[in-house]
Amino acid sequence: MVAGSVSTLFLVQLAIILWHPVLRARLVRPALLAVCALIGQIILGALTVLKMLQFEIVTMHLATGTALYAMFIVMMLVTLREAGGWRPAPTPAPLRRFGVVTAVAVYAQILLGGLVATRYASWACPDWPTCQGMWFPPMVGFVGIHMTHRYGAYLVALLVVGLGCAVWR
């Protein structure tokens, strides 16, 4: 039901983009890329069920869905800007780069979280902040997957706080 609702909302957004000449000129390529991603997402959703939650397919499904969500947001922001409802503040190039690095790190962390969940690696380290009583356990097997996600969370938290502080200034 959620997938159907998202697809329907995207088709409405696509119709608006194709109907409006300025939006069509600015967004036809990203919209067509999003259509391809949506088709891939539908196929991966079916494979997720047919392959009984095989971790590689579930992780690809998560990756595609998250990227598709980002595409929807970008298209919405461009639509708002063209409609005159939103004007982004001028942003210095270093801050934009920091934002992109942070967004990529958050995306990677989401995928690592999906991998931890589908591989049941969360059970490898039931305690926190240590893992099995160790501050730096061996990075092998499920412990390695879990700790990569945990270390990634620390990095992403620093990046997000740093970006927030940079934007605030």
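- With sequence neighbours excluded, the residues that form a side-chain hydrogen bond (donor to acceptor under 3.5 Å, both in side chains) with Trp128 are Tyr154.
- Arg26 is listed as a side-chain neighbour of Arg81, based on a closest heavy-atom distance under 4.5 Å.
- When atom types are taken as modelled, the side chain of Gln109 and the backbone of His149 share a donor-acceptor pair closer than 3.5 angstrom.
- Considering only heavy atoms from C-beta on, Tyr120 stays 4.5 Å or farther from Phe55 through its side chain.
- By the rule that hydrophobic residues join a cluster once side-chain heavy atoms approach within less than 4.5 Å of another member, Phe136 and Met147 end up as members of one cluster.
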Apply the test side-chain contact (heavy atoms from CB on, under 4.5 Å) to residues Leu115 and Leu111: give CA-CA distance (whole Å), side-chain angles for both, the deciding distance (0.1 Å), then the verdict. CA-CA 6 Å; Leu115 185 62; Leu111 298 185; over 6 Å; no

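- Placement of Leu11 and Val28 within a single hydrophobic cluster is found when ILVMFWY residues are connected by side-chain heavy-atom separations under 4.5 Å, directly or transitively.
- Within the 4.5 Å cutoff, the side chain of Ile43 has heavy atoms near those of the Leu47 side chain.
- The hydrophobic cluster containing Val100 does not contain Leu163, counting ILVMFWY residues as joined when their side-chain heavy atoms lie under 4.5 angstrom apart, directly or transitively.
- The hydrophobic clustering, which links ILVMFWY residues whose side-chain heavy atoms are closer than 4.5 Å, places Leu38 and Leu32 together.
- With hydrogens and angles ignored, the 3.5 Å screen pairs a side-chain donor or acceptor of Arg96 with a backbone N or O of Thr91.
- Leu53 has its side chain out of reach of Thr118: every pair of non-hydrogen atoms, C-beta onward, lies at least 4.5 Å apart.
- Checking each of Pro138, Pro126, Pro137 against Cys131 for a side chain to side chain contact (heavy atoms under 4.5 Å, CB included) leaves exactly one that passes, namely Pro137.
- Here the shortest heavy-atom pairing between Gly114 and Leu62 reads CA-CD2, 3.6 Å.
- Side-chain contact between Gln13 and Leu9 is absent, with no heavy-atom pair separated by less than 4.5 Å.
- Residues Phe72 and Val6 form a side-chain contact, since some pair of their non-hydrogen atoms from C-beta on lies under 4.5 Å apart.
- Taken from CZ in Arg119 to OG1 in Thr59, the straight-line distance is 9.0 Å, to the nearest 0.5 Å.
- In this structure, OG1 on Thr48 lies 8.0 Å from CE on Met60, to the nearest 0.5 angstrom.
- Rounding to the nearest 0.5 Å places CD1 of Ile17 at 4.5 Å from CG of Leu27.
- The shortest side-chain heavy-atom distance between Leu159 and Phe98 falls under the 4.5 Å cut-off.
- At least one side-chain heavy atom of Met139 sits under 4.5 Å from a side-chain heavy atom of Tyr151.
- Side-chain contact of Arg24 with His20: a donor-acceptor pair under 3.5 Å is absent, judged by distance alone.
- Residue Gln132 comes nearest to Asp127 through the heavy atom pair N-OD1, 2.7 Å, listed as atom of the first residue, atom of the second, then distance.
- Here the shortest heavy-atom pairing between Ala31 and Phe10 reads O-CZ, 3.9 Å.
- Here the straight-line distance linking atom CG of Leu68 with atom CG of Leu33 works out to 9.0 Å at 0.5 Å rounding.
- Looking only at distances, no side-chain donor or acceptor of His146 sits under 3.5 Å from a matching main-chain atom of Ala124.
- Transitive grouping of hydrophobic side chains (ILVMFWY, heavy atoms separated by less than 4.5 Å) keeps Leu112 and Tyr107 in distinct clusters.
- Heavy atoms from other residues, nucleotides or ligands lying under 6.0 Å from OH of Tyr69 number 12 at most.
- Panel note: side chain Gln41, backbone Gly65; a donor-acceptor pair is recorded below 3.5 Å.
- Of all non-hydrogen atoms in Ala34 and Met75, the two that sit nearest each other are CB-CE, 3.9 Å.
- Taking each heavy atom of Ala37 and Thr64 in turn, the nearest pair found is O-CG2, 3.6 Å.
- Using a distance-only test at 3.5 Å, with no hydrogens or angles considered, a donor-acceptor pair links the side chain of Arg150 to the main chain of Thr130.
- Taken to the nearest 0.5 Å, the CG atom of Leu44 stands 12.0 Å off from the NZ atom of Lys51.
- If you take OG1 on Thr66 and CD1 on Ile110, they are separated by 5.0 Å, rounding to the nearest 0.5 Å.
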